[in-house]
2 protein chains.
Amino acid sequence: MAKRRKVGNLMALAVLSALVQQPMHPYQMASVLREHGKDQNMKIKWGSLYTVVQNLEKHGLVEAGESVRQGGRPERTVYRITDAGRAELTDWVRELLSTPEHEQSRFTAALSVLAVLSPGEAADLLAQRLTALEKALAARRTALAEAAREVPRLFLVEEEYELAVAEAEIGFVRGLLGELTSGTFPGLADWQVFSETGVVPPELAELMERGLHPQ
Amino acid sequence: MAKRRKVGNLMALAVLSALVQQPMHPYQMASVLREHGKDQNMKIKWGSLYTVVQNLEKHGLVEAGESVRQGGRPERTVYRITDAGRAELTDWVRELLSTPEHEQSRFTAALSVLAVLSPGEAADLLAQRLTALEKALAARRTALAEAAREVPRLFLVEEEYELAVAEAEIGFVRGLLGELTSGTFPGLADWQVFSETGVVPPELAELMERGLHPQ
DNA sequence: ATGCGTATACTCGCTCACGAGTAGTCAAGG
DNA sequence: CCTTGACTACTCGTGAGCGAGTATACGCAT
């Protein structure tokens, strides 16, 4: 049911999880998250960080402790998590973990308008993607193996998950690309004709009239 | 390098691709998209739709034609795509297709704070997710098979992709769940102790001091 | 005729995310 | 001892995104 969270931004989750370990000021949260490699997946957005912390405070999920001034630096407010914050954190994780939700990826969007390109060009671009994906996967795999020598698995599962998904994407792209280059993709000829001449094959034209209606 | 698009919202891509077929007014775009099953993946947000169309117009990617009034209904402005719009569409698809980009999923976020739960509870929740995922996958598979009897593959690749990714997620969750329930997950005992008593095992405590720093 | 539900076709105003800017501090180099 | 560049620590304005509301029209039953 995905109940509306008081603070919906996923960065709030990261902030809460950082504050569970120890009280901190916002800038330190950023460093801690960065050290955990969270910035790999989720670029740290400064604007959001401070807004999120404020919102968390407004809803009583964190509270400001003493504000320390060290050196001539601007005063830093140290925040700590409240009981309500801890409750929100666990409840939120429970929800995120148990109930899958539909997320729209940019690649999905691209595939859904694939027909605007010619099959040849589509194949070229997919080939580019494939090599990029493979390179990235290899790099992340070695980085993970590296990290695994120090850090327990528990803190690396999210990366394992992402790698699993990345592998699936590679498999899909490779498959599709194979069909395109070998010519076994069904309807490839029609697609080719359409992209060259703009002529829609008759059985398709009929479909478009009444709207192609999956499901 | 993922150049900034004039109109960055992915809904703009859908709008452009709809207008390539024929000129329409915004509400009709929504119906067309819905008929294409685009709303399955991407809920139609009314607020965005009209803003996006306006922005597209502002940047010369679409242009308003005559505004038709039929019956006593509010006047509908019919938009058509411009040459610049067509160029933007293909260029955008090219980019989306060729260059993978890191997207942060909610499940990844959840996994990255998995440690706040006890292993037992994590296993329960993952089991819930697993059944939900399997049910959804089965439904989507039959829906796809159904659609495939009418609609050419070309217009279903995005759904195939999503199913492939969904399968990978299921595989991952099943694997992780298996390790948790069978007790073969490395460090499970430490995790259990920590979740019950809050005591961090010594070799881990040391890590947290200097920051666990993957890569 | 009249009421009611549903489809059409938007509009408005709030919230939230974020990038780019700012301003002080420190360390090192010339 | 002065400059330069990197780091610390935030602030603020902009603008995108969206949900909820609105208003009219049509069809169908009563």
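Each chain gets a letter, A, B and so on, in the order its sequence line appears, and its residues count up from 1. Since we're looking at a predicted model, the values are computed, not measured.
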Only counting residues at least two apart or in another chain, list the ones meeting side-chain hydrogen bond (donor to acceptor under 3.5 Å, both in side chains) with [X].
| X | result |
| --- | --- |
| A/E160 | A/R153 |
| A/S105 | A/T108 |
| B/E134 | B/R174 |

Short N/O separations, protein against nucleotides 12-19 of chain C, under 3.5 angstrom:
{"unit_1": "C/dA17", "atom_1": "OP1", "unit_2": "A/N9", "atom_2": "ND2", "d": "3.3"}
{"unit_1": "C/dA17", "atom_1": "O5'", "unit_2": "A/N9", "atom_2": "ND2", "d": "3.3"}
{"unit_1": "C/dC18", "atom_1": "OP1", "unit_2": "A/K45", "atom_2": "NZ", "d": "3.3"}
{"unit_1": "C/dC18", "atom_1": "OP2", "unit_2": "A/S48", "atom_2": "OG", "d": "3.0"}
{"unit_1": "C/dG19", "atom_1": "O6", "unit_2": "A/G47", "atom_2": "N", "d": "3.2"}

For [X] and [N], what is the distance between atoms [atom1] and [atom2] respectively, to the nearest whole Å?
| X | N | atom1 | atom2 | result |
| --- | --- | --- | --- | --- |
| A/Q28 | D/dC10 | CD | P | 11 Å |
| A/Q104 | D/dG17 | CD | P | 14 Å |
| B/M24 | C/dA9 | CE | C1' | 16 Å |
| B/R34 | C/dA7 | CZ | P | 10 Å |

Task: Salt-bridge present (A/R106, B/E101; N to O < 4.0 Å) - done: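 Salt bridge flag = yes for B/E101 with A/R106.
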
Open item on the list: Please tell me if A/H25 has a side-chain N or O lying less than 4.0 Å from either OP1 or OP2 of D/dC10.
Closed with: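 Answer yes for this pair, as a side-chain N or O of A/H25 is under 4.0 Å from OP1 or OP2.
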
Task: Phosphate OP1/OP2 of C/dC10: any B/Y27 side-chain N/O under 4.0 Å - done: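 So the side-chain polar atoms of B/Y27 never come under 4.0 Å of the phosphate oxygens OP1 or OP2 of C/dC10.
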
Residues 48-57 of chain A, side-chain donor-acceptor partners within the protein, below 3.5 Å, at least two apart:
{"unit_1": "A/T51", "atom_1": "OG1", "unit_2": "A/G47", "atom_2": "O", "d": "2.6"}

Task: With A/F194 via ring pair (Phe, Tyr, Trp, His ring centres under 6.0 Å) - residues at least two apart - done: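 Per chain and number, A/F194 pairs via ring pair (Phe, Tyr, Trp, His ring centres under 6.0 Å) with no residue.
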
